[in-house]
Amino acid sequence: MSDIIEITDFSSPALDVFARLTEAQLRSRVEAEKGVFIAESPKVIGRALDAGYEPLSLLMERRQIEGQGRDIIARCGQVPVYTAERGLLAKLTGYPLTRGVLCAMRRPRLPGVEELCAGARRVAVLEGIVDSTNIGAIFRSAAALSIDAVLVTPSCSDPLYRRAVRVSMGTVFQVPWTRIGNEASDWPRQGIQRLRQMGFKTAAMALSDNAVSIEDPELCGEEKLAIVLGTEGDGLAPCTIAGCDYTVRIPMAHDVDSLNVAAASAVAFWQLRAR
């Protein structure tokens, strides 16, 4: 049975995880393997629990204890549940809890790239994408459109940032993912080489005069394909494009030159799905 704790002191260290630690501090709190992330809303928290993530504590509006948060409390065992009225919690966190429930959860051990991609036919590689909204949207498309795994480069935003988790609707817990390298020097040359050693052809989604159409039959027929997506604005680095097996472009109408990376990912995942 969880311990329901009425919030009376905003300065309590137990509330730091919800109110005073930055995303970077949560990620590496004390020791990297003891990092924390925040899941928001009963649906998202439920998906994290389904995937085996470990809850540490809950913060919720008082009305949610017997409302949407009731099942979550039951599933979280004996973790502390901090509660207060909606207005008081907004003062604590600095923003309204739109779904009324937050859960601090333990970060998982990330698998190795080769371990993650064993048996995969379609993977997405996210290079330097820094907008958490785009990260979340890409994961949601990856889950819906049968991408087997997602690899994020060292310069990419963290998929477990609160906003990314929320925008993904919890699908970040359903699509296997890991980092492809820990240092900037690990990508692209070494990363692309690792993908090739596992049998993947690499497809750089980029604007280029010599790009093939995303409808190219040879491209669509590849047995194992890594779809590489670049950062907002600048897109993929030239050295990444040069190192990939294909440069791929989505045909556009009405003089539109490109799509937002999240929208482009959905088109690419659907068209290049394994057949």
Side-chain angles (χ1 to χ4, degrees), residues 2-5 7 9-61 64-65 68-69 71-84 88-112 116 126 129-133 135-136 139 150 152 154-179 182:
S2 296
D3 185 13
I4 309 296
I5 303 169
I7 296 172
D9 181 7
F10 276 11
S11 66
S12 170
L15 299 175
D16 286 351
V17 67
F18 297 109
R20 287 176 285 275
L21 297 182
T22 65
E23 296 277 15
Q25 288 170 326
L26 288 172
R27 181 176 173 183
S28 60
R29 191 179 185 187
V30 186
E31 301 171 47
E33 65 272 18
K34 295 183 179 179
V36 176
F37 71 94
I38 302 297
E40 180 178 354
S41 87
K43 183 174 184 177
V44 169
I45 295 166
R47 283 182 170 171
L49 294 172
D50 290 343
Y53 284 70
E54 176 191 355
L56 301 175
S57 61
L58 289 157
L59 179 72
M60 67 176 64
E61 297 175 27
Q64 297 291 354
I65 292 174
Q68 295 185 29
D71 289 344
I72 295 299
I73 292 173
R75 294 186 64 186
C76 286
Q78 298 183 355
V79 305
V81 180
Y82 299 97
T83 187
L88 193 63
L89 291 184
K91 291 180 181 179
L92 171 67
T93 61
Y95 55 87
L97 302 188
T98 55
R99 301 298 180 186
V101 185
L102 298 178
C103 185
M105 309 193 88
R106 180 78 67 204
R107 282 180 172 270
R109 179 196 71 85
L110 291 179
L116 188 78
L126 312 186
I129 299 175
V130 297
D131 187 299
S132 295
T133 299
I135 293 287
F139 266 88
V150 175
V152 297
S155 59
C156 196
S157 181
D158 184 3
L160 293 183
Y161 279 174
R162 185 176 66 88
R163 186 171 180 81
V165 171
R166 185 176 74 245
V167 172
S168 81
M169 293 298 293
T171 54
V172 69
F173 307 126
Q174 297 174 314
V175 181
W177 70 275
T178 195
R179 293 197 172 272
N182 297 311

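All residue numbers refer to positions in the sequence shown, counting from 1.
Taking 4.5 Å as the limit, every side-chain heavy atom of Trp177 sits out of range of all side-chain heavy atoms of Pro111. With contacts defined as side-chain heavy-atom distances shorter than 4.5 Å, the pair Ile135/Val130 does not qualify. Side chains of Met60 and Ile65 form a contact here, defined as non-hydrogen atoms less than 4.5 Å apart.
Between the side chain of Ser157 and the backbone N or O of Ser132 there is no donor-acceptor pair closer than 3.5 Å.
Using a 30° and 60° split on the angle between ring planes, Tyr53 and Phe37 fall in the perpendicular class, above 60°.
In this structure Asp71 satisfies the salt bridge (charged side-chain N to carboxylate O under 4.0 Å, His left out) test with no other residue, sequence neighbours excluded. Remark: Pro55 pairs with Leu49, Cys76, Val79, Cys103, Met105 by the side-chain contact (heavy atoms from CB on, under 4.5 Å) rule, at least two apart or across chains.
No hydrogens or angles considered: nothing links the side chains of Arg47 and Thr171 as a donor-acceptor pair under 3.5 Å.
Gln64 CD to Leu102 CG: the interatomic distance, rounded to the nearest 0.5 Å, is 11.0 Å.
Heavy atoms only, all atoms of each residue included: Leu126 and Phe139 are closest at CD1-CE1, 4.5 Å. For the residue pair Val44 and Gly170, the shortest heavy atom distance occurs at CG2-N, 3.8 Å. Nearest approach of Val17 to Ile38, heavy atoms of both residues: O-CD1, 3.8 Å. For Val101 against Ile45, the heavy-atom pair with the smallest separation is CG1-CD1, 3.6 Å. When every heavy atom of Pro159 is checked against every heavy atom of Arg179, the shortest pair comes out as CD-NH2, 4.3 Å.
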**Worked check of side-chain contact (heavy atoms from CB on, under 4.5 Å) between Ile5 and Thr83** = CA-CA 6 Å; Ile5 303 169; Thr83 187; over 6 Å; no

**Request:** Walk me through it: do Asp3 and Val81 pass the test side-chain contact (heavy atoms from CB on, under 4.5 Å)?
**Result:** CA-CA 6 Å; Asp3 185 13; Val81 180; over 6 Å; no

**Prompt:** Given the rule in the side-chain hydrogen bond (donor to acceptor under 3.5 Å, both in side chains) test, do Arg166 and Ser41 qualify, once you have shown the distances and angles that lead to the verdict?
**Reply:** CA-CA 8 Å; Arg166 185 176 74 245; Ser41 87; over 6 Å; no

**Intermediate values then yes/no, side-chain contact (heavy atoms from CB on, under 4.5 Å), Tyr82 and Ser12** = CA-CA 11 Å; Tyr82 299 97; Ser12 170; 5.5 Å; no

**Request:** Give the intermediate values and the outcome of side-chain contact (heavy atoms from CB on, under 4.5 Å) for residues Leu160 and Val165.
**Result:** CA-CA 6 Å; Leu160 293 183; Val165 171; 4.2 Å; yes

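With respect to Asp158 and Arg107, a salt bridge is recorded, a charged nitrogen being found less than 4.0 Å from a carboxylate O. We find that Arg75 and Asp50 are joined by a salt bridge, their nearest charged nitrogen and carboxylate oxygen being less than 4.0 Å apart.
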